[in-house]
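In what follows, every heavy atom counts, from backbone to side chain, and hydrogens, waters and symmetry copies are set aside. Predicted model, so just to flag it, every value in this text is computed and none were measured. Letters go in sequence order (proteins before strands), and every chain restarts at 1.
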Amino acid sequence: MNGDKNILSDEAIIKLYFDRDETAISETDRKYRQYLFSVAYNVLHNDADCEECLNDTYYRTWNAIPPNVPKILKLFLAKITRNLAFDRYDEAKRSKRIPAEISDSLDDFEGFVSTGKTPDEEMEAREIGRIISDYLKHTSDKRLYVFISRYYFAMPVKDIASKLNCSESSVNKEIKAIKSELSQKLNEGGIDL
Amino acid sequence: MSKKLFIKSVGQIDDELLERFNEIDNRLSQKQSYKPLILKITAIAACFCVIAGAMLAAIYSGNDTPQIPSTDVSDALSVGSAPDTSDEPKPPIQNDGNYVIGEDDSVFIDNYDKIINDPTQSGSSNEPAYFWDMAYTNGMLVVASVEDFMPDTYCYPGNYDSKWGYRVLKLRVKEVIVGENVPDELYYLLHGAREPDLREYEDIIFAFRQAGVGETAIVNRDKKRVEAFENLVFDHTMEGSVIAYNGGKCDISLFDKKGFEGEKNHFLKYYMQGEIQNEYDCPVKQNNSLEETVEALRAYASNNASPYSNHRFVHETDFNAEGSKEVFKYVKPFENGYFAQREFSVDSTRFVRIINGFFTNESFYLTTNPYEQNEDSGVRFTEEDIKNAPDIGRFIANLDYDSLKPPHTENADELELGSRCVMGKYVKHNGKVYAIVRIYWTLLCDDWSYVEDDMYYVVNADGSGTVLERDELCGLIGNDGIICSFPYNERSEVIYE
């Protein structure tokens with residue numbers, strides 16, 4: 001059975017990247033594969049796509065470090081994986097292979113977000129991201145945790161409840177509150193729903 | 001705003017929020033009793049009622065005796081006592097160290113914990129581990145008679161307010177249908193909604209869905225003390241898991257008893273009387289004799305299916321990896337000490353060794369999820385380790401809680417006690433066994449923030465305890481999950497809902 005013996009520290013792994021030692025990738029995979037796979041899987045629900053996502057993550061990480069020095073390697077990787085996964089999700093949606101969970105999580109916002117398109121999505125995304133950040137900065141730990149688990153990492157409600165050691169209805173209550181509060185915040189920020 | 005834009009926007013949130021998320025996630029992942037402090041406003045008035053004093057007074061009073069004749073139990077609690085070879089039925093062991101085993105090693109000795117953990121919520125982790133449709137093993141199937149039942153109601157720690165609780169039946173095993181090394185007597189947890197006095201039935205077939213012993217120590221809710229039982233095998237009695245016989249014939253009067261009525265119209269009608277045929281042909285038929293039923297169950301179980309169930313259980317045989325099979329053999333009930341089955345999910349489980357009612361760092365995580373891997377803590381407690389382990393329970397019981405102050409908090413005397421809990425764990429590290437006790441406090445400040453504090457003991461062989469700071473303890477046992485990392489004197493927000 002597998003244990004966690006001899007897993008390198010984040011600092012040691014980052015040093016391998018800086019030394020351009022290719023074992024950096026295998027060490028990253030050894031330490032974070034399971035976690036990153038689950039990040040991708042929550043969005044894609046397809047192992048082949050997840051595998052490709054992971055490979056792309058490692059490729060991008062190899063190119064990003066140096067010069068970047070991740071503050072928290074796990075988050076650095078998760079962010080890359082998450083974004084790649086959503087890009088693939090977008091592609092899959094276009095070819096009508098829609099995974100369940102992310103659709104479910106976005107369905108939380110049914111009636112909240114439209115299906116229309118707007119121009120300059122990158123700029124808009126940054127602006128909306130700023131508003132969401134402002135909102136989350138002043139919210140409780142629990143609410144933050146639920147928001148990021150659900151909408152950043154597309155975790156199922158059941159898993160969030162399990163992690164928080166509470167019931168699913170409690171998590172759903174948080175989601176409802178998030179919808180209400182965030183909706184108000186976005187309206188105040190002039191964001192058209 | 002399109003959904004795609006929303007996803008993109010969420011991806012643009014500040015890194016510091018992800019870092020904060022990561023910190024919370026790390027805290028949640030640690031295996032300790034610390035939980036976010038969430039107060040229910042309606043309960044604030046009651047939240048500072050400390051029951052520890054009452055509990056401690058009861059613990060060691062030794063005045064109450066169980067209904068079953070007791071013998072001197074002090075030897076039973078001492079480490080390394082000789083096995084009892086007398087013919088007398090063994091009484092339940094009263095734990096004269098009145099510690100309460102909480103989830104995740106913790107002992108919650110304040111009412112406050114009732115606010116933090118709401119046991120009425122479904123899916124609460126205060127629910128004891130149980131199987132529903134997710135049994136991972138064959139469990140055990142026996143023919144037994146009920147010799148006696150405890151007069152009191154029992155519960156798991158944190159579940160004090162649960163409506164029903166449990167009753168404890170003492171069973172005399174007559175025949176084992178499925179299972180190995182099953183002892184002659186078992187203590188069986190019966191849901192409190194069910195009639196416990198089943199002594200009128202000569203024989204009862206019991207199906208235990210739990211692989212083995214979940215906990216050996218549970219709380220006597222009426223007497224507010226912990227009782228540790230040898231061979232406690234619990235079960236959430238599912239439909240069809242208790243079938244009664246008299247004179248070798250099925251006695252369906254059982255289904256008129258309190259708590260069993262629902263089975264009359266369903267299990268009896270559809271399965272035992274055969275009104276419904278489905279792919280799970282129930283081997284228990286009303287008109288069959290006890291002997292015929294036992295043979296039918298044996299045959300049914302030998303096909304690795306769960307007996308007379310209308311649900312397909314996840315089964316021990318679903319764990320096909322070689323390592324998994326070894327683990328199931330190792331943790332088999334009554335083979336190598338006691339293992340609790342923790343962290344159930346739809347496709348995985350964890351076995352953790354318990355010694356004297358406290359968890360250890362010997363654990364196995366088994367999964368059928370192809371994206372996960374089995375885990376083995378790598379720790380093995382030997383018979384000698386178990387025999388010589390210092391008694392955490394007795395140490396905790398002798399602690400004078402009121403005289404202990406949070407040692408790292410400035411002005412602790414001026415702050416209001418929010419909660420206090422005590423936890424214990426056996427940790428084996430570098431070949432040595434350490435009995436660790438941790439006391440944890442939350443203290444409320446005037447501005448509705450709170451601070452946390454903790455202290456650690458290593459229990460010595462003579463029953464005394466040595467106080468260690470975190471870094472000293474870490475030097476002994478490595479960075480085990482029982483050691484917290486929250487900073488002392490740092491205020492956190494109290495979250496109301």
Side-chain angles (χ1 to χ4, degrees), chain A residues 1-5 34 37-38 41 47 50 71-72 74-75 78-79 82-83 86 89-90 102 106 109 112-118 121-122 124-133 136-137 140-142 144-145 148-149 151-152 161-170 173 186 191-193, chain B residues 1-29 35-36 38 103-104 116-118 120-126 321-324 326-327 343 345-346 364-366 370-378 492-493 495-497:
Chain A
M1 274 174 267
N2 299 302
D4 60 353
K5 297 185 180 54
Q34 186 176 325
F37 203 101
S38 67
Y41 193 78
D47 16 336
C50 289
K71 198 171 163 188
I72 300 173
K74 181 181 172 186
L75 281 182
K79 213 170 162 183
R82 184 252 183 207
N83 290 335
F86 273 112
Y89 162 76
D90 209 28
I102 185 60
L106 293 177
F109 280 84
F112 182 99
V113 294
S114 70
T115 53
K117 290 182 182 177
T118 58
E121 267 193 1
E122 287 298 329
E124 273 206 82
R126 270 199 293 273
E127 176 57 22
I128 295 169
R130 188 191 60 75
I131 295 174
I132 295 175
S133 293
L136 291 173
K137 271 173 195 160
S140 65
D141 281 357
K142 186 178 183 182
L144 173 87
Y145 191 84
I148 293 184
S149 299
Y151 299 113
Y152 194 93
S162 169
K163 203 72 197 221
L164 281 172
N165 194 24
C166 67
S167 62
E168 287 184 40
S169 64
S170 179
K173 240 170 68 177
L186 288 168
I191 303 296
D192 184 17
L193 297 177
Chain B
M1 179 177 21
S2 67
K3 284 187 180 181
K4 181 182 167 186
L5 178 58
F6 180 73
I7 294 172
K8 256 182 147 56
S9 304
V10 171
Q12 297 285 334
I13 60 175
D14 289 352
D15 281 352
E16 68 175 74
L17 292 165
L18 294 175
E19 287 164 22
R20 192 174 141 204
F21 168 84
N22 190 51
E23 274 170 39
I24 300 167
D25 191 59
N26 286 341
R27 285 206 307 267
L28 292 171
S29 297
K35 287 176 174 59
I38 300 173
E103 63 166 303
D104 296 331
I116 295 172
N117 299 300
D118 182 354
T120 63
Q121 289 288 319
S122 63
S124 161
S125 65
N126 283 318
E322 196 53 43
S324 301
E326 282 167 18
V327 169
E343 294 184 32
S345 78
V346 67
F364 306 90
Y365 177 75
L366 301 178
Y371 305 115
E372 290 187 336
Q373 293 171 326
N374 285 349
E375 289 169 18
D376 175 2
S377 66
S492 303
E493 182 197 346
I495 300 166
Y496 291 93
E497 61 174 34

J.: For the residue pair A:Ala125 and B:Ser9, what are the closest heavy atoms and their distance?
T.: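 So the two residues come closest at CA-OG, 3.4 Å.
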
J.: A:Ile132 versus B:Val10: any side-chain heavy-atom pair under 4.5 Å?
T.: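 A side-chain contact exists here, since the closest heavy-atom pair is under 4.5 Å.
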
J.: When rounded to the nearest 0.5 angstrom, what distance separates CG in B:Leu5 from CD in A:Glu124?
T.: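 Here the rounded value is 5.5 Å.
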
J.: Please report the interatomic distance CD(B:Glu23) to CD1(A:Ile72), rounded to the nearest 0.5 Å.
T.: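 Answer for the CD-CD1 pair, B:Glu23 versus A:Ile72, is 7.0 Å.
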
J.: With a 4.5 angstrom heavy-atom cut-off, which part of A:Arg126 approaches chain B: side chain, backbone, both or neither?
T.: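 Backbone plus side chain of A:Arg126, per the 4.5 Å heavy-atom cut-off to chain B.
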
J.: I want to check something: taking the side chain as every heavy atom from C-beta on, are A:Lys137 and B:Ile13 in contact at a cut-off of under 4.5 Å?
T.: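 Counting from C-beta outward, A:Lys137 and B:Ile13 never come under 4.5 Å.
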
J.: With a 4.5 angstrom heavy-atom cut-off, could you sort out which part of A:Leu75 is near chain B: side chain, backbone, both or neither?
T.: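 Just its side chain gets close to chain B.
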
J.: With a 4.5 angstrom heavy-atom cut-off, could you sort out which part of A:Tyr145 is near chain B: side chain, backbone, both or neither?
T.: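 A:Tyr145 touches chain B through backbone and side-chain heavy atoms alike.
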
J.: Side chains of A:Asp141 and B:Arg27: does their closest heavy-atom pair fall under 4.5 Å?
T.: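 A side-chain contact under 4.5 Å exists here.
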
J.: If you round to the nearest 0.5 Å, how far is OH of A:Tyr89 from CD1 of B:Ile7?
T.: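 These two atoms lie 5.0 Å from each other.
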
J.: Distance from A:Leu136 atom CG to B:Phe21 atom CZ, nearest 0.5 Å?
T.: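 A:Leu136 CG to B:Phe21 CZ: 11.5 Å, rounded to 0.5 Å.
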
J.: Contact part of A:Ser149 toward chain B, heavy-atom cut-off under 4.5 Å: side chain, backbone, both or neither?
T.: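 When you check distances to chain B, atoms from both the backbone and side chain of A:Ser149 fall under 4.5 Å.
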
J.: Of all the heavy-atom pairs spanning B:Asn26 and A:Lys74, show the shortest one and how long it is.
T.: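 Minimum heavy-atom separation between B:Asn26 and A:Lys74: OD1-NZ, 4.3 Å.
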
J.: Hey, are the side chains of A:Ile148 and B:Arg20 touching, using non-hydrogen atoms and a 4.5 Å cut-off?
T.: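 No - every pair of side-chain heavy atoms lies 4.5 Å or more apart.
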
